[in-house]
Amino acid sequence: MFDALSDRLRSTLASLTGRGHVSEADVDAAMRDVRLALLEADVNFKVVRDFIARVKERAIGADVLQSLTAGQQVVKIVHEELITLLSAGDRTFHLSGSPAVVAMVGLQGSGKTTSSAKLAKYIVKQGRRPMLVAADPYRPAAADQLQTLGKSLDVPVYRAPDGTPVLDIVRQGVEAARRQTRDVVILDTAGRLTIDKALMAEIEAVNAAVKPAETLLVVDAMTGQEAVTVAQAFAASVPLTGLILTKIDGDARGGAALSISAVTGLPVKFLGTGEKPDALEVFHPDRLAGRILGMGDILTLVERAQDTFDAKQAARMEEKLRKASFTLEDMLDQMQQLQKMGPIGQIMGMIPGFGHMAKEAQSAVDRGEMKRVEAIIRSMTPRERRDPGVLNGSRRRRIAAGSATTLTEVNRLVKQFGEMQKLMKQFSGGGRRRVPSGLLGRR
Ligand SMILES: Nc1nc2c(ncn2[C@@H]2O[C@H](COP(=O)(O)OP(=O)(O)OP(=O)(O)O)[C@@H](O)[C@H]2O)c(=O)[nH]1
Ligand SMILES: [Mg+2]
């Protein structure tokens, strides 16, 4: 979502760091570019104006420009101000009360049900016992959707008979949770097409009836400034404790994510980054700012790796890498693990210095290149996977035919793997240098 903005900011800021002396005019010119980049990313114009004013005020101060590292300092100021921009309110996820009640509210299709399931999964990981409540009395299909998700996550779903009024549903849901010793209740409420009085009244009544510890507004980041307007309208009439921004993985321009906290004063607590139940990230302003400025986001990457990789397997892989006994079989394994971490473009965007390659890597995957490499390895015999040295011409032709690829592709893979092995031998000969496990499955 932040690709275009990120590209522009990176190149503008690179023009500042790539030189010895930085003048006030240089900062002005760079800030004009930053301003345009933000506006083009659909960031609210008042937010942009204030942001630029703050950066300029700090950057044009005498100590900055006279310093030998003026360029870097300006970038640092942009980074810090970007963090401030994203940091409104209290981002702690409060789960007080027994059970703690979390109400999900928002417009139709914003992602309430999906986010309820994601949150349930997140809460289970924290060692708690959530229950989902289908608090949409108007559409039986909504309850079906939640039940299916709950089943796949092994989280119980409370569902009242059709036609039960919403206040009865939520009270009964909380009761059911107490009986089943569930300590968190997530209310998946009904969406509306527009913000109307009836919806607001319903949210208020639910609030009064079950006193949620969190009332989270779910907004679709793909709708851009519309999302900001919606959040403003909700915030003006019901007490919200925070926001969940969904569909951050989409190709909208990112303006909603960058403006919504500054405009509403509400904290963003979570980001939805995909359709699957594990595509939820706790929102960290510093990490997002780092990602946008191309500084990477190692912390999120490490967390994802920890969630995805089994520690023993990772240790075994690292051992193999160190001893340079890594085979094509292992490479296939690693590629599969890596894909579990999320779309390759997202992952590469988190590695410092790799941001600019993220798009190309993603399109290589989208073109099916990763699948083809997998197919090639799968068409090899175990012996060939362990020792590509035996791959003579006729074996290679057999593999190309078996994997529906070409001889050129097979040759390329074998060659690349050979180069990788050489590299690994250097690493292992070079002493203690550790190869980050899990990151080498990349072609
Ligand atoms: N790509 C992507 N899709 C999402 C995300 N969150 C939700 N979706 C999709 O958005 C659509 C709507 O999601 P729901 O969770 O059903 O939305 P809702 O707010 O419960 O909708 P109503 O109950 O009809 O008001 C579904 O197709 C979801 O798969 C996300 O973070 N990324
Ligand atoms: Mg729903």
Side-chain angles (χ1 to χ4, degrees), residues 1-88 221 224-225 227-228 248 251-265 268 283-298 345 348-360:
M1 170 164 279
F2 304 100
D3 285 356
L5 174 65
S6 182
D7 284 350
R8 285 220 27 200
L9 290 182
R10 268 201 304 257
S11 62
T12 301
L13 296 175
S15 74
L16 284 178
T17 50
R19 64 173 87 196
H21 176 75
V22 176
S23 69
E24 203 170 311
D26 296 333
V27 174
D28 268 341
M31 286 313 122
R32 260 198 307 279
D33 261 10
V34 171
R35 185 174 155 272
L36 270 179
L38 290 170
L39 288 173
E40 269 167 29
D42 191 32
V43 179
N44 177 287
F45 76 97
K46 282 190 206 133
V47 171
V48 175
R49 192 185 57 201
D50 295 350
F51 175 81
I52 297 290
R54 277 198 310 273
V55 173
K56 266 197 190 167
E57 188 184 308
R58 290 181 57 191
I60 291 181
D63 340 339
V64 174
L65 290 186
Q66 273 157 29
S67 126
L68 283 175
T69 54
Q72 276 94 322
Q73 290 202 37
V74 176
V75 175
K76 186 160 169 271
I77 292 170
V78 171
H79 187 214
E80 285 168 4
E81 289 297 336
L82 204 49
I83 295 173
T84 308
L85 191 71
L86 298 168
S87 297
Q225 285 309 307
V228 179
I248 288 289
D251 56 8
R253 289 168 295 163
L258 290 171
S259 335
I260 205 159
S261 271
V263 172
T264 63
V268 176
F283 181 63
H284 297 286
D286 49 338
R287 299 186 191 179
L288 181 59
R291 251 189 261 173
I292 291 173
L293 295 179
M295 298 166 173
D297 179 1
I298 281 292
M348 298 216 13
M350 294 182 202
I351 306 175
F354 277 65
H356 62 288
M357 284 159 61
K359 233 188 288 170
E360 171 50 32

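Keep in mind that what you see is a predicted model, and the values were worked out from it rather than measured.
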Please find the pair of heavy atoms, one from [X] and one from [Y], that lie closest to each other, and give the distance.
| X | Y | result |
| --- | --- | --- |
| Ser261 | Leu86 | OG-O, 4.1 Å |
| Ala289 | His79 | CB-CD2, 3.7 Å |
| Asp26 | Ser23 | OD2-N, 2.8 Å |
| Leu85 | Arg54 | CD1-NH2, 4.2 Å |
| Gly224 | Ala256 | O-CB, 3.4 Å |
| Leu258 | Leu5 | CD1-CD2, 3.4 Å |

| request: Report yes if the side chains of Val47 and Leu38 come closer than 4.5 Å at any heavy-atom pair, otherwise no. | output: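 No, side chains not in contact.
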| request: Indicate yes or no: at least one non-hydrogen side-chain atom of Val27 is less than 4.5 angstrom from one of Val22. | output: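 The answer is yes; the side chains approach within 4.5 Å.
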| field | Expected output: side-chain Ser259 to main-chain Asn44 donor-acceptor under 3.5 Å | value |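 Judged by distance alone, yes, a pair lies under 3.5 Å.
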| Qualifying residues under salt bridge (charged side-chain N to carboxylate O under 4.0 Å, His left out), relative to Glu40, sequence neighbours excluded |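 Result, salt bridge (charged side-chain N to carboxylate O under 4.0 Å, His left out) vs Glu40: Arg8.
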How many angstroms lie between atom [atom1] of [X] and atom [atom2] of [Y], to the nearest 0.5 angstrom?
| X | Y | atom1 | atom2 | answer |
| --- | --- | --- | --- | --- |
| Leu288 | Leu82 | CG | CG | 7.0 Å |
| Ile52 | Glu81 | CD1 | CD | 10.5 Å |
| Leu36 | Met31 | CG | CE | 12.5 Å |
| Arg58 | Ile77 | CZ | CD1 | 5.0 Å |
| Arg35 | Lys56 | CZ | NZ | 9.0 Å |

| field | side-chain contact (heavy atoms from CB on, under 4.5 Å) between Leu9 and Asp33, intermediate numbers included | value | CA-CA 8 Å; Leu9 290 182; Asp33 261 10; over 6 Å; no
| task | For the pair Lys46 and Val263, evaluate side-chain contact (heavy atoms from CB on, under 4.5 Å) and give the outcome as yes or no after the intermediate values. | result | CA-CA 9 Å; Lys46 282 190 206 133; Val263 172; over 6 Å; no
| request: Might you work through the side-chain contact (heavy atoms from CB on, under 4.5 Å) test for Phe51 and Val78, ending with a clear yes or no? | output: CA-CA 9 Å; Phe51 175 81; Val78 171; 4.2 Å; yes
| task | Apply side-chain contact (heavy atoms from CB on, under 4.5 Å) to the pair Arg10 and Ile292, showing each step before the final yes or no. | result | CA-CA 8 Å; Arg10 268 201 304 257; Ile292 291 173; over 6 Å; no
